[in-house]
Amino acid sequence: MLERLERLPTDPILGLMGLYRADTDPRKVDLGVGVYRNDLGETPILGAVRRAEQVVLSRQATKSYVAPAGNAGFNQAMAKLVLGDGHPALVADRVRSIQAPGGCGALRLGAEVFRAAQPDTVVHVSTPTWANHIPLLSGCGLKLERYPYYDAASGGVKFDEMLGTLDRLPARSVVLLHASCHNPTGADLSEAQWRELLGVFKRRSLAPFIDIAYQGLGSGVAEDAYGIRLFCAELPEVAVAMSCSKNFGLYRERTGCLHIISESPTAGDAVLSHLVRIARSIYSMPPDHGAAIVNEILTDATFREEWSEELGAMRKRIAGLRAEAVKQLAKACPQRDFGFIARQQGMFSFLGVTTPQVHALREQHHVYMTDDSRMNVAGLRADNIEYFAKAVAQVLRT
Ligand code: LMR
């Protein structure tokens with residue numbers, strides 16, 4: 001029976017990892033998959049993670065199951081990380097959390113629970129959105145629609161168009177928002193825009209589903225969660241999917257969680273009962289190791305301090321690379337304005353070149369980015385940024 005299946009194209013993001021690895025040119029530049037890199041092009045294990053991991057391993061006495069919703073300490077620490085200590089939703093006991101296999105697992109659990117509540121739910125995603133949002137959310141049968149978001153002319157957000165579209169949606173439509181460090185564009189909403197958006201969600205009774213995969217890599221831990229904190233304080237129901245891949249560097253440990261903020265503790269308990277049932281039917285329980293490490297870091301003052309410093313250094317490096325990329329691109333391609341790269345934040349920006357130009361960058365200059373010209377700014381280095389800018393200048397001339 002399985003011989004009926006035809007071979008599928010490789011994943012647009014993960015497929016690039018293989019192509020990059022196979023390239024033997026020493027000048028190669030990896031701006032593909034969204035993985036943080038230091039100035040040596042490496043993705044080292046964070047010091048706080050290494051040390052917390054030792055504590056976790058030395059204390060661990062069993063490999064028996066933890067619990068259907070995962071590590072309770074981790075879930076609680078993650079809720080506090082995203083909402084901030086003393087957030088009104090925490091005080092009112094309106095938050096229910098489930099550990100998930102990475103941010104992807106959290107997104108899928110959220111989609112599944114919306115479907116359980118309302119099978120004909122439509123999820124509205126930004127144009128563009130992270131490529132994997134589409135299969136993650138539609139894979140359980142939900143219908144997807146799009147709302148305007150990125151303004152290629154300015155490198156910012158088409159906020160009025162976005163607002164206008166959302167303001168026409170039927171009640172109970174789910175709207176997927178990126179909390180910060182928008183993937184793939186790097187164009188984020190300002191605090192004033194989040195406040196205006198809140199008015200539309202209230203007026204239209206929309207259901208926000210907020211993805212936060214880069215907390216701390218944009219403007220700061222609290223700043224990057226501004227919209228989530230606002231929405232969870234003001235709206236009866238919010239879903240928040242978190243990932244620890246980038247800000248804790250735990251990629252392969254598949255560490256994330258989903259929080260549902262409900263109108264009441266009883267409503268929250270009901271949602272959580274569905275979430276654990278859904279998880280049980282897919283993978284039973286989440287992997288433990290990454291969550292145990294994050295729990296250790298977030299609940300130990302010394303580890304937490306070390307992690308905050310390391311996260312701050314990553315954030316600073318990315319902002320510095322953005323400024324330097326603008327400088328080098330201005331020198332190499334003075335006819336074109338790339339200033340938007342420094343106004344955006346997080347790991348990604350659209351370079352704004354055509355797919356054939358992306359292919360020319362890859363084939364002629366060994367510079368790797370996705371076909372839509374999304375580049376992972378963190379893949380640039382002091383010793384390749386000028387090479388990158390000159391390569392861009394060359395493909396723009398052809
Ligand atoms: C990315 O957007 O490149 C990362 O989030 C990695 C992935 O899984 O796509």
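Every number for a ligand or one of its atoms is a count from 1 in the order of the listing. Atom set for the values below is all heavy atoms of this structure, side chains included, hydrogens, waters and symmetry mates excluded.
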Checklist entry - To the nearest 0.5 Å, how far apart are CD in Glu253 and SG in Cys244? => result 11.0 Å

Checklist entry - How would you list all residue pairs meeting side-chain hydrogen bond (donor to acceptor under 3.5 Å, both in side chains) that involve residues 9-32, not counting sequence neighbours? => result Asp23-His366, Asp23-Tyr368, Asp25-Arg27, Asp25-His366, Asp30-Arg37

Checklist entry - Which class fits the ring pair His365 and Tyr387: parallel under 30°, tilted 30 to 60°, perpendicular over 60°? => result perpendicular

Next on the checklist: Quiz question: by atom type and distance under 3.5 Å, do the side chains of Gln344 and Thr185 form a donor-acceptor pair?
Outcome noted: no

Checklist entry - By side-chain contact (heavy atoms from CB on, under 4.5 Å), which residues pair with Ser190, not counting sequence neighbours? => result Ala192, Gln193

Item to check | Within the protein, residues bringing a heavy atom under 4.0 Å of ligand 1, chain by chain | outcome: Ile13, Val33, Gly34, Trp130, Asn183, Tyr214, Lys246, Phe348, Arg374

Checklist entry - side-chain hydrogen bond (donor to acceptor under 3.5 Å, both in side chains): which pairs involve residues 80-93, sequence neighbours left out? => result Asp93-Arg96

